[in-house]
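Shown next, in structure tokens, is the structure this report addresses.
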Amino acid sequence: MMLSHESVFTDFTTANAAHLDIFCPGQSSYTHVLDGEIVSIGRSEECTLEIPLSNVSYEHAQIARKKEEYIIEDLNSTNGTFVNNVRVSRCILHNHDHIRIGAATIEFIQNRTRSKA
């Protein structure tokens with residue numbers, strides 16, 4: 001019996017668990033789960049992810065989820081946003097990318113697994 005490609009994969013969904021591991025000088029590292037559509041990053045207390053360092057802009061960057069992808073965008077910050085040591089204005093994130101915002105280092109982790117629906 002032959003199964004079509006479509007019939008094999010229609011019963012599966014992709015679980016897309018993603019999080020950020022944040023490392024700031026003088027602070028303990030911590031994890032932030034990406035469970036919303038947009039995560040704002042900056043020094044402001046109103047940001048989703050507050051990084052209280054002087055070289056981080058009040059509204060420095062944001063990470064937006066678009067279907068299965070996460071996109072980081074610099075919000076015209078003073079010191080820039082870097083992904084894998086390259087300054088970016090907008091960039092699709094990949095598993096284990098390293099983001100630098102000011103003196104903070106952030107590792108993007110995305111676990112894609114297939115599970116039976």
Side-chain angles (χ1 to χ4, degrees):
M1 179 174 152
M2 293 288 288
L3 295 174
S4 71
H5 178 75
E6 290 79 21
S7 68
V8 171
F9 292 105
T10 53
D11 291 341
F12 288 87
T13 58
T14 302
N16 190 9
H19 68 273
L20 304 171
D21 289 333
I22 299 103
F23 307 91
C24 294
Q27 299 178 17
S28 298
S29 62
Y30 58 99
T31 297
H32 180 85
V33 176
L34 296 173
D35 56 1
E37 292 297 314
I38 296 178
V39 173
S40 57
I41 305 169
R43 197 169 67 212
S44 171
E45 292 177 2
E46 295 180 17
C47 287
T48 311
L49 179 56
E50 181 187 359
I51 301 177
L53 299 174
S54 61
N55 56 1
V56 174
S57 295
Y58 279 96
E59 293 178 347
H60 197 105
Q62 70 179 18
I63 297 175
R65 181 177 178 185
K66 304 287 185 194
K67 295 184 182 180
E68 296 296 316
E69 295 180 329
Y70 288 87
I71 300 166
I72 188 164
E73 182 175 0
D74 184 80
L75 300 176
N76 297 316
S77 66
T78 302
N79 294 317
T81 299
F82 295 80
V83 176
N84 300 324
N85 291 320
V86 176
R87 189 172 186 157
V88 298
S89 58
R90 185 178 165 100
C91 173
I92 295 173
L93 294 172
H94 298 94
N95 194 28
H96 297 289
D97 274 350
H98 288 248
I99 303 162
R100 185 166 41 87
I101 294 178
T105 303
I106 302 167
E107 185 175 7
F108 172 76
I109 306 292
Q110 183 176 29
N111 299 318
R112 291 184 178 187
T113 58
R114 291 203 179 266
S115 60
K116 194 79 162 156

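For the single chain, residues carry numbers from 1 onward in sequence order. What you are looking at is a predicted structure, and each value in this text was computed from that prediction instead of being measured.
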Does Ile41 belong to the same Ile/Leu/Val/Met/Phe/Trp/Tyr cluster as Leu53, with side-chain heavy atoms less than 4.5 Å apart forming each link? yes
Heavy-atom closest pair (His19 atom, Val33 atom, distance to 0.1 Å) is CB-CA, 3.9 Å
Looking only at heavy atoms, what is the nearest atom pair of Ser57 and His60, with distance? N-ND1, 3.0 Å
Under a 3.5 Å distance rule, please check whether Gln110 uses its side chain to pair with a backbone N or O of Leu93 as donor and acceptor. no
Criterion side chain to side chain contact (heavy atoms under 4.5 Å, CB included) on Leu49 and Ile63, from CA distance to verdict: CA-CA 10 Å; Leu49 179 56; Ile63 297 175; over 6 Å; no
Heavy-atom pair with the smallest gap, counting every atom of Gln27 and Pro52: NE2-CG, 3.7 Å
Side-chain donor or acceptor of Arg90 paired with backbone N/O of Ile71 under 3.5 Å: no
Starting at CG of Asp21, measure out to CZ of Phe108 and round the result to the nearest 0.5 Å. 11.0 Å
OG1 of Thr31 to CG of Leu20, rounded to nearest 0.5 Å, is 8.5 Å
Is a side-chain N or O of Thr105 found less than 3.5 angstrom from the main chain of Phe23, in a donor-acceptor match? no
What is the distance from atom CD1 of Ile106 to atom SG of Cys24, rounded to the nearest 0.5 Å? 7.0 Å
Donor-acceptor pair, side chain of Arg65 and main chain of Lys67, under 3.5 angstrom: yes
Looking at every heavy atom in both Asp74 and Ser77, which two are closest together, and how far apart are they? OD1-OG, 2.6 Å
Those residues that, when tested against Thr48, pass side chain to side chain contact (heavy atoms under 4.5 Å, CB included) (two or more places apart): His32, Val39, Ser40
Above 12 or not: heavy atoms from other molecules or residues under 6.0 Å from CD of Glu50? yes
Worked verdict on Val88 versus Phe82 for side chain to side chain contact (heavy atoms under 4.5 Å, CB included): CA-CA 6 Å; Val88 298; Phe82 295 80; over 6 Å; no
Here the gap from Ile22 atom CD1 to Ser28 atom OG, rounded to the nearest 0.5 Å, amounts to 12.5 Å
Contact summary for Val56 and Gly102, nearest pair of heavy atoms: CG2-CA, 4.1 Å
Taking Ala103's backbone N and O only, do any of them form a donor-acceptor pair with Asn55's side chain (distance below 3.5 Å, no angle check)? yes
Between Leu34 and Tyr70, which heavy-atom pair has the shortest distance, and what is it? O-OH, 3.7 Å
Would you kindly confirm whether Tyr58 and Ile51 end up in one hydrophobic cluster when ILVMFWY residues are joined by side chain heavy atoms under 4.5 Å apart? no
Side-chain heavy atoms nearer than 4.5 Å, only ILVMFWY residues, links allowed to pass through others: does that put Ile99 and Ile92 together? no
Stepwise side chain to side chain contact (heavy atoms under 4.5 Å, CB included) test for Ile109 and Asn95: CA-CA 5 Å; Ile109 306 292; Asn95 194 28; 3.9 Å; yes
